[in-house]
2 protein chains.
Amino acid sequence: MAPLHEHSDCPGCAAPDLAFATHDHAHCAADALSRAEVVTSAAGARLTPVRRRVLEILLEEHWALGAYDVLARLATEGFGNQPPVAYRALEFLVEQGLAHRIQRLNAFTACTHPGEAHAPAFLICRSCSAVAEAVAGPVRAALDEAAAQVGFSIERSTIEALGLCPACREATA
Amino acid sequence: MAPLHEHSDCPGCAAPDLAFATHDHAHCAADALSRAEVVTSAAGARLTPVRRRVLEILLEEHWALGAYDVLARLATEGFGNQPPVAYRALEFLVEQGLAHRIQRLNAFTACTHPGEAHAPAFLICRSCSAVAEAVAGPVRAALDEAAAQVGFSIERSTIEALGLCPACREATA
DNA sequence: GCTTGACCTGTTATGATATTACATTCATAG
DNA sequence: CTATGAATGTAATATCATAACAGGTCAAGC
């Protein structure tokens with residue numbers, strides 16, 4: 001799929017470490033939303049009000065939200081306030097590649113590169129909680145290689161790192 | 001730390017894909033236990049009865065057990081039957097590098113290479129539930145490189161792959 | 001325009017995983 | 001032998017997740 005705008009025009013969108021870089025976040029979020037429209041309609045799926053709203057909520061910040069955090073937001077806005085409401089919308093977004101589940105945090109984050117095929121790796125700052133999607137190609141390749149050596153075939157992978165983002169490392173030092 | 005025996009003498013222990021290979025499991029488990037004694041005493045820690053028993057339970061099979069599974073076993077053997085009993089022992093084993101937590105499964109597995117420094121990667125068979133520790137050096141190196149590119153410093157990493165082990169892939173085909 | 005069927009949303013209820021707080025027991029250094 | 005810190009036991013509760021079913025929405029085809 002072609003990007004909806006030239007990323008080289010957009011300082012921030014071009015960065016792999018989007019979440020850690022200062023950038024035009026309103027643009028970043030609006031772009032993700034419009035890509036979401038494209039992705040879902042191409043898949044013959046419907047980006048309904050709840051689903052769209054959940055994505056908007058995830059897009060507000062570059063960190064991960066628990067399902068119950070999302071649910072609380074939804075409830076104040078007139079949507080249902082039972083867990084399945086949030087879990088179903090989140091599951092849909094993950095299936096469509098519009099959001100990711102962070103296993104370490106039992107939480108969800110909006111995808112910063114929707115519509116682009118990628119097996120993501122996540123960098124999670126333990127100080128400010130920001131979550132960035134790293135360039136995962138080489139990591140995934142190394143993992144595939146390790147699996148191939150023992151005859152294991154990988155279907156899904158979880159690659160997450162916990163540590164300090166540049167800004168927090170700076171602040172700590 | 002020097003290994004407690006020559007692994008080249010031990011078909012199975014030499015394999016990186018121990019969990020997927022047929023091997024002398026009694027030996028494998030006994031070896032892990034004796035290494036555990038060494039590791040804990042070297043660290044000035046105590047391998048108490050509960051802790052030792054939890055490790056033995058994890059060592060019975062090469063798959064991951066939930067904290068409540070472990071707890072149920074402990075309870076039938078006269079140990080406490082409240083969650084903290086299991087969680088504390090498991091936490092201790094993880095701290096000592098004698099067990100690992102599998103984030104994807106919310107479960108724990110005995111380490112197959114205790115006493116050897118390693119940032120592990122796990123291969124989880126979705127069919128037989130076996131969990132193997134893969135050779136993770138190159139994977140971790142690639143992840144470190146990706147993190148370094150954006151100035152992120154990694155403290156802990158989670159690398160897990162879900163798929164089919166050689167035997168189950170064979171059986172499915 | 002009606003029907004029908006698929007999908008989506010909402011709710012109840014429950015299950016699964018994990019932690020806090022505090023009381024008690026145990027091992028060991030002094 | 002006793003003081004001390006570590007380990008264990010227990011109750012209570014917090015947090016995360018799903019099963020099962022009822023009702024509503026919407027668009028395709030008649």
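The sequence lines fix the lettering, A, B, ..., with proteins before strands; numbering per chain opens at 1.
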Query raised in the report: What nucleotide among D/dA19, D/dC21, D/dA12 has an atom nearest to a side-chain atom of A/R88?
Result: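 That would be D/dC21.
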Query - B/Y87 side chain, from C-beta outward: closest of C/dT19, D/dC21, C/dT12 - result: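 In terms of side-chain proximity for B/Y87, the closest of C/dT19, D/dC21, C/dT12 is C/dT19.
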Query raised in the report: Which atom names give the shortest non-hydrogen contact between A/L98 and A/L55, and what distance separates them?
Result: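 Scanning both residues completely, I find the closest heavy atoms to be O-CD1, 3.9 Å.
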Report task. Considering non-hydrogen atoms only, spot the tightest contact between B/F108 and B/L58 and give its length. Result ->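 So the two residues come closest at O-CD2, 3.6 Å.
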Query raised in the report: Can you find a pair of side-chain heavy atoms, one from A/T158 and one from B/Q103, that are under 4.5 Å apart?
Result: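 In short, these two side chains do not touch, never coming nearer than 4.5 Å.
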Without decimals, in angstroms, what is the distance between [X] [atom1] and [N] [atom2]?
X: B/Q82; N: D/dA14; atom1: CD; atom2: P; result: 16 Å
X: A/L47; N: C/dC7; atom1: CG; atom2: C1'; result: 15 Å
X: B/F92; N: D/dA6; atom1: CZ; atom2: P; result: 13 Å
X: B/E95; N: D/dA7; atom1: CD; atom2: C1'; result: 13 Å
X: A/E91; N: C/dC7; atom1: CD; atom2: C1'; result: 14 Å
X: B/Q96; N: D/dA7; atom1: CD; atom2: C1'; result: 14 Å
X: A/L105; N: C/dT17; atom1: CG; atom2: P; result: 19 Å
X: A/F79; N: C/dT11; atom1: CZ; atom2: P; result: 12 Å

**Report entry** B/R88 vs B/E91, salt bridge (charged side-chain N to carboxylate O under 4.0 Å, His left out): CA-CA, chis, key distance, verdict
**Finding:** CA-CA 5 Å; B/R88 282 192 294 230; B/E91 181 188 28; over 6 Å; no
Query raised in the report: Taking the six-membered ring for Trp, are A/F152 and B/F20 parallel (under 30°), tilted (30 to 60°) or perpendicular (over 60°)?
Result: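 Answer is parallel, since the angle falls under 30°.
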Requested in this report: Report which part of the nucleic acid B/R46 touches: base, sugar-phosphate, or nothing (heavy-atom distance under 4.0 Å, all strands).
Outcome: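 Answer is sugar-phosphate: B/R46 comes under 4.0 Å of backbone atoms only.
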Query raised in the report: Can A/D144 and A/R140 be counted as an ion pair, charged N to O under 4.0 angstrom?
Result: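 Judged by the 4.0 Å cut-off on N to carboxylate O distance, A/D144 and A/R140 do form a salt bridge.
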**Report entry** Within residues 48-71 of chain B, residues whose heavy atoms come under 4.0 Å of DNA chain C
**Finding:**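 DNA chain C contact set from residues 48-71 of chain B: B/Y68.
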Query raised in the report: Quick one: on DNA chain D, does B/P84 or B/A45 contact a more 5' nucleotide (nearest heavy atom)?
Result: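 Closer to the 5' end of DNA chain D: B/A45.
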Report task. Would you check if the distance from the ring center of B/H27 to the ring center of B/H25 is below 6.0 Å? Result ->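 No, too far apart.
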